[in-house]
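The residues of the chain are indexed from 1 along the displayed sequence. Order of listing sets the numbers, starting from 1, for every ligand and every atom in it.
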Amino acid sequence: MTLRLHNTLTRRVEPFVPLQSGRVSLYTCGPTVYNYAHIGNFRTFLFEDLLRRWLEASGYDVLHIMNLTDVDDRTIAAARDKGVPLRAHVDPFARAFEEDRDWLRIKPATEQPRATEYIGSMIELIQGLLDRGVAYHGEDGSVYFAIARFPAYGRLSQLDRRELRAGASERVSADEYSKEDARDFVLWKAARPEDEAVGAAWDAPFGRGRPGWHIECSAMALELIRRRLGTDVLDIHAGGVDLIFPHHEDEIAQSCAFTGREDFARVWLHGEFLKIGGTKMSKRYGNVTTARDLREDGVDPGAVRLLMFQVHYRKQLDLTDEALASAREGSRRLGEFQNRLLAATGSADGASLLEAAERLDREVAEALDDDLNAPRAVAAMFTFASAGNAALDSGEAAGPRALASWRRAEDVLAITSAVQSVKVGTSVDAQMGAGELQESPPTGADEATHRTWAIGWAVRRKEAKAARNFAEADRIRGLLKAAGWEVRDNRDGSIEVVRSRP
Ligand SMILES: [Zn+2]
């Protein structure tokens with residue numbers, strides 16, 4: 001069986017075949033860093049992380065591009081409200097996004113372009129569209145895309161003319177009279193004094209201004225796949241369903257009109273909404289939940305991932321207190337089993353564990369190949385944990401195969417809570433960090449030896465912090481993280497090392 005994905009372009013589940021054998025280009029629309037990303041945004045990023053991880057586990061070399069929108073109406077408005085330059089407003093939110101992303105175990109994209117660093121590519125693209133006659137200067141000094149000159153417009157969203165007009169009015173430049181057609185969208189907005197005030201205006205042959213939101217993604221995606229892969233068609237483009245229209249429709253129009261290709265991306269994937277207690281998450285309803293809210297409540301990132309993956313990405317997910325509580329409990333049970341499995345690992349697998357491991361491999365692969373059916377893959381991990389617990393109860397040994405199968409599944413889903421922690425007291429066991437310590441974790445050693453190694457480094461990190469050598473402290477945190485350990489600093493001055501990955 002091979003990977004099959006639901007393509008929004010055709011509204012069908014189709015076998016996935018990349019343009020270049022063994023390589024996949026994946027573009028995912030990133031966050032607008034005017035504020036903290038909320039948990040609904042992260043549902044989309046988590047579904048994309050699952051897609052990326054499963055492609056990699058299937059043997060593909062993935063070029064994953066995720067942009068940061070650091071200039072648009074919202075970022076400019078927020079900077080102006082605060083009275084600071086654009087950069088000063090967005091930088092802390094860009095850092096916060098990366099922290100939240102890392103906390104949720106989302107793999108950083110291979111390329112993370114920021115819109116303001118690709119203004120040159122955007123200008124080139126817009127100039128190309130003007131040269132090809134599909135863009136024009138409006139009376140207000142802005143540059144617009146002429147939808148009437150791009151016959152394929154509407155192919156992705158499959159909306160009729162009337163619906164297109166109604167929907168487009170929300171996100172196009174406000175001055176309707178400067179455009180030839182009410183549906184036309186802005187590519188370049190003429191600079192206003194309020195843009196200049198926050199440093200959000202650039203010179204271009206077609207006038208000083210700033211890019212429209214849609215052009216940003218087209219320019220960054222095209223620039224990077226041309227440079228990295230020598231192509232101008234993406235294999236996969238993904239995002240939330242709310243981006244289908246107009247954002248992705250407009251990305252297709254700009255990109256295809258520029259490249260002359262039929263497709264901008266061959267497969268379009270869209271993740272459904274997350275609701276809170278049945279209501280759309282919105283500032284208006286005061287129910288916006290961020291990743292840091294969950295983190296402050298002591299929720300393990302494995303539990304958040306489990307919660308998201310228990311519902312298929314094309315179905316709406318309702319986040320309720322009960323659903324979260326049950327995900328926390330489930331993720332903790334998986335963590336306990338994982339620790340048990342690690343502690344029991346010997347040289348050979350018992351018969352029933354071997355059989356359960358084979359079944360786990362098969363079921364996870366079948367589920368994820370079937371349009372990323374994460375709920376079924378998750379169920380397979382629970383089934384394995386139950387069978388594994390029963391086998392260990394009956395005195396069976398867990399061997400390399402059981403552990404390898406578990407690791408393969410957990411590497412893709414990462415839904416297990418870190419439950420077993422080792423606390424190192426305030427009167428630190430100094431000798432644990434003293435003496436010879438290998439940079440890489442001990443190979444083939446038992447779990448107790450691994451733990452001793454991790455504690456040793458955690459102690460060294462504490463010493464580095466005490467000496468205000470933060471670079472070294474960060475380096476050690478990274479070293480432990482790479483080996484599957486998380487180090488936590490407690491308020492009482494003690495430190496803990498927690499298993500985050502088998
Ligand atoms: Zn985009």
Side-chain angles (χ1 to χ4, degrees), residues 7-9 25-35 37-38 40-49 51-52 63-76 90 93-94 97 101 106 109-119 121-122 125-126 129 145 150 153-157 167-168 170-173 185-189 210-226 232-259 261 263-273 313:
N7 189 351
T8 309
L9 271 176
S25 55
L26 166 67
Y27 187 91
T28 59
C29 295
T32 301
V33 284
Y34 74 110
N35 204 339
H38 59 63
N41 304 132
F42 277 109
R43 183 189 183 199
T44 306
F45 303 144
L46 280 164
F47 124 69
E48 293 160 347
D49 182 58
L51 170 65
R52 147 98 180 264
L63 171 66
H64 177 199
I65 307 165
M66 180 190 258
N67 69 297
L68 282 187
T69 297
D70 60 356
V71 55
D72 78 327
D73 293 343
R74 289 185 293 181
T75 47
I76 291 173
V90 297
F93 290 115
F97 166 71
R101 176 200 65 196
I106 295 172
T110 334
E111 293 279 359
Q112 304 175 74
R114 291 175 68 137
T116 51
E117 287 163 8
Y118 283 74
I119 300 290
S121 310
M122 294 166 202
L125 216 165
I126 296 167
L129 294 172
F145 186 93
F150 186 75
Y153 196 83
R155 184 177 154 218
L156 180 74
S157 49
E170 289 174 29
R171 272 203 175 161
V172 290
S173 183
F185 60 89
V186 73
L187 297 167
W188 187 257
K189 294 191 179 191
R210 62 180 175 95
W213 174 43
H214 312 307
I215 199 76
E216 297 182 3
C217 285
S218 289
M220 289 182 274
L222 286 174
E223 164 85 29
L224 285 162
I225 53 172
R226 282 182 160 180
D232 49 16
V233 179
L234 286 161
D235 287 306
I236 306 176
H237 193 314
V241 281
D242 52 327
L243 297 188
I244 296 176
F245 182 80
H247 184 55
H248 288 164
E249 197 72 75
D250 292 351
E251 280 189 32
I252 292 173
Q254 301 157 156
S255 308
C256 294
F258 182 77
T259 61
R261 302 275 189 178
D263 290 312
F264 173 38
R266 297 167 79 222
V267 182
W268 287 82
L269 259 67
H270 290 100
E272 260 294 348
F273 283 121
Y313 77 90

(request) Compute the centroid of each ring, for Phe45 and then for Phe42, and state whether the two points are separated by less than 6.0 Å. (result) yes

(message) Could you check whether His248 and His214 have their ring centres less than 6.0 Å apart?
(response) no

(request) List for me each residue that meets side-chain hydrogen bond (donor to acceptor under 3.5 Å, both in side chains) alongside Gln112, sequence neighbours excluded, and say none if there are none. (result) Arg101

(message) Applying side-chain hydrogen bond (donor to acceptor under 3.5 Å, both in side chains), can you list everything that pairs with Arg226, at least two apart in sequence or on another chain?
(response) none

(message) I'd like to check the side-chain hydrogen bond (donor to acceptor under 3.5 Å, both in side chains) partners of Arg266; sequence neighbours left out, ordered by chain and number.
(response) none

(request) Spell out, as yes or no, whether a donor-acceptor pair under 3.5 Å connects the side chain of Thr32 to the backbone of Tyr34. (result) no

(request) Everything protein-side that's N, O or S and under 2.8 Å from the Zn ion (ligand 1): list it, residue and atom. (result) Cys29 SG, Cys217 SG, His247 NE2, Glu251 OE2

